[in-house]
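To start, the structure itself, in structure tokens.
Lettering follows sequence order; numbering is per chain, from 1. As a basis for the values below, the full set of heavy atoms in this structure was taken, side chains included, without hydrogen atoms, waters or symmetry mates.
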Amino acid sequence: MSRKTKDLLMKALIMFSTIFTVGVLVIIIGYIFIQGMGHLSFDFIFGSAETGGIWPMIVSTMYIVGISLAISVPVGIMAAIYLTEYAKQTKFVSLIRLATQSLAGIPSIIFGLFGLALFVRAFGLNVSILSAGFTLAIMNLPVIIRATEEALKSVPQSYREGSLGLGATKIQTIWKVVLPSALPGILTAVILAIGRIVGESAPVLLTAGVLKDLPTSVFDGGRTLTVHLYLLAQEAISPEDFQIAFATATVLIIIVLVINLIARFVSAKLDKTKA
Amino acid sequence: MAENNKFEVENLDLFYGEFQALKSITMDIEANKVTAFIGPSGCGKSTFLRTLNRMNDLIDTVRIDGEIKLDGQDIYKKDVDVTDLRRRVGMVFQKPNPFPMSIYDNVVYGPRAQGIKDKKKLDEIAESSLRAAALWDEVKDKLNKSGLALSGGQQQRLCIARTIAMKPEIILMDEPTSALDPIATLKVEQLMEELKKEYTIVIVTHSMQQAARISDTTAFFLMGELIEMGDTNDIFSNPKKQQTEDYITGRFG
Ligand SMILES: Nc1ncnc2c1ncn2[C@@H]1O[C@H](COP(=O)(O)OP(=O)(O)OP(=O)(O)O)[C@@H](O)[C@H]1O
Ligand SMILES: [Mg+2]
């Protein structure tokens with residue numbers, strides 16, 4: 001084969017892969033939207049469970065996302081700051097790093113089991129929004145730590161030297177120069193974390209339960225959209241049931257997309273490294 | 001100690017782990033003079049410069065023996081406040097490193113870090129520092145623009161302005177013009193002519209012409225050792241050591 005034909009072949013292969021990937025994505029999302037659109041209505045989205053609405057599930061989902069982010073984001077960022085900016089790079093620190101990396105790869109159901117044993121049973125929080133929020137916070141911690149570490153490492157050392165060279169303290173340097181530069185990277189991690197929380201079913205099912213009522217406090221149980229979808233799909237018999245499931249899926253996709261767009265917008269606004 | 005010495009360095013050894021990068025350096029750096037460090041790549045010029053404001057503290061593996069006195073006070077003593085030292089001993093780096101923030105915020109970064117909040121005071125500092133760095137006229141209408149949007153030469157002068165804003169006693173410069181084009185280099189050199197009236201300047205340079213043009217005193221380093229130091233004219237016209245002569249006549253390095 002001549003180099004030219006090889007080149008052409010390679011190009012065709014690359015093109016095909018791209019079209020295939022994009023095509024599959026479009027088909028999946030398109031199919032779900034088309035199936036779900038028919039059932040989408042104001043009452044469906046904002047109605048209570050008795051009237052066939054999914055508002056309680058949306059609220060439960062938001063609660064759990066809020067709680068787990070409120071814990072995992074600050075704790076994760078601070079841990080990452082310690083690991084990259086303060087800790088001497090000893091064996092012990094690499095061990096911590098290895099541990100967080102391994103934790104990031106553990107199947108989520110294991111975190112669910114852990115949450116069930118610790119928060120639900122031992123802490124007596126029962127099956128509740130709070131238990132699920134804590135469980136998912138722990139599950140996301142390693143991911144946030146890792147991504148923040150990467151973001152901090154990508155901040156040029158010259159920024160740190162410049163700041164310290166001007167007589168700024170270490171804390172000032174981290175707060176005013178390092179963190180702002182790392183923010184876009186950290187935000188990307190948070191977006192991914194939100195996606196993971198919204199998409200999780202097994203550990204949420206174990207710790208927040210399946211109650212269809214609108215939660216009145218974080219100590220109530222609640223059913224998230226994903227768990228709802230899981231149960232709907234499992235119990236679906238008639239075409240009507242499937243329609244409801246697809247409508248729920250449509251809402252889920254829209255929520256994830258909207259969160260993504262907002263985060264992207266915010267991160268672009270915050271990115272000052274682009275002059 | 002001599003009256004007009006700013007720094008007095010005695011028997012300074014520096015190790016990166018096992019590797020000895022500086023070998024028993026002894027030198028005095030005079031106040032209100034420009035002192036240039038020259039020598040081939042890897043001879044330890046930057047390393048030595050960075051001991052003067054304890055920038056090497058950032059590297060875990062560094063170990064130091066010997067003594068560096070600033071105005072008679074050992075700067076490596078336990079109770080020395082490093083941030084305070086760095087306010088007195090400013091530093092300009094090889095690659096311009098403005099922070100990703102506005103020109104104004106860059107200049108007043110140091111004063112703000114010191115706790116100055118008064119807007120009028122900060123405005124004053126910003127203007128006088130930018131003027132002193134010969135940058136004011138070029139940026140006065142875009143102080144809120146990002147410092148990264150400036151040209152390389154302007155960025156370096158911004159970094160000098162940022163350092164001046166701290167009102168340091170000494171300014172350390174590590175090859176401040178090596179990333180700049182000839183015209184920007186000329187501007188920075190002219191600026192140094194001005195600055196030396198008020199500050200003690202220590203500059204590392206690869207360009208012997210630059211050392212000859214701007215410095216009063218020149219120190220020649222080789223393989224971690226200080227080979228020769230003296231009046232710039234003497235060093236370039238009749239060096240005492242063979243190695244110095246070889247270097248400045250371009251026989252190696
Ligand atoms: N962080 C470090 N860890 C280990 N060795 C280092 C480190 N920084 C510098 N060195 C070594 O110390 C020696 C002196 O380096 P230094 O950067 O001071 O040289 P220099 O004279 O400034 O060179 P150049 O003209 O290329 O900038 C070199 O051999 C270098 O490899
Ligand atoms: Mg150097």
Chain A contact via B:Pro98 - which portion, at a heavy-atom distance below 4.5 Å: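 For B:Pro98, the backbone is the part near chain A, not the side chain.
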
Contact class of B:Arg50 relative to chain A, heavy atoms under 4.5 angstrom: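 Contact with chain A is through the side chain of B:Arg50 alone.
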
Note: A:Lys170-A:Glu85 ion pair, threshold 4.0 Å (strictly below):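 Salt bridge between A:Lys170 and A:Glu85, a charged N being under 4.0 Å from a carboxylate O: no.
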
Single hit among B:Lys119, B:Lys120, B:Lys121 for side chain to side chain donor-acceptor pair (under 3.5 Å) with B:Asp123: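 Result: among B:Lys119, B:Lys120, B:Lys121, B:Lys119 is the only option passing the side chain to side chain donor-acceptor pair (under 3.5 Å) with B:Asp123.
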
A:Arg196 and A:Val143, any side-chain heavy atoms less than 4.5 Å apart: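 Of all side-chain heavy-atom pairs linking A:Arg196 with A:Val143, at least one is under 4.5 Å.
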
Cation-pi geometry met for B:Arg162 and B:Tyr109 (6.0 Å, 45°):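 Geometry flag: not set, cation outside 6.0 Å or 45°.
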
Short side-chain to backbone donor-acceptor contact, B:Asp60 and A:Lys88, under 3.5 Å: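 No; judged by distance alone, with no hydrogens or angles, the pair does not exist.
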
Chain B contact via A:Lys176 - which portion, at a heavy-atom distance below 4.5 Å: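 Interface part for A:Lys176: both.
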
Contact leader toward chain A among B:Gly147, B:Ala165, B:Gly110, B:Ala113, where contacts are heavy-atom pairs under 4.5 Å: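 Option with the greatest count: B:Ala113.
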
Residue selection (most heavy-atom pairs with chain A, distance under 4.5 Å) from B:Lys145, B:Met55, B:Met91: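 Greatest number of close heavy-atom pairs with chain A: B:Met55.
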
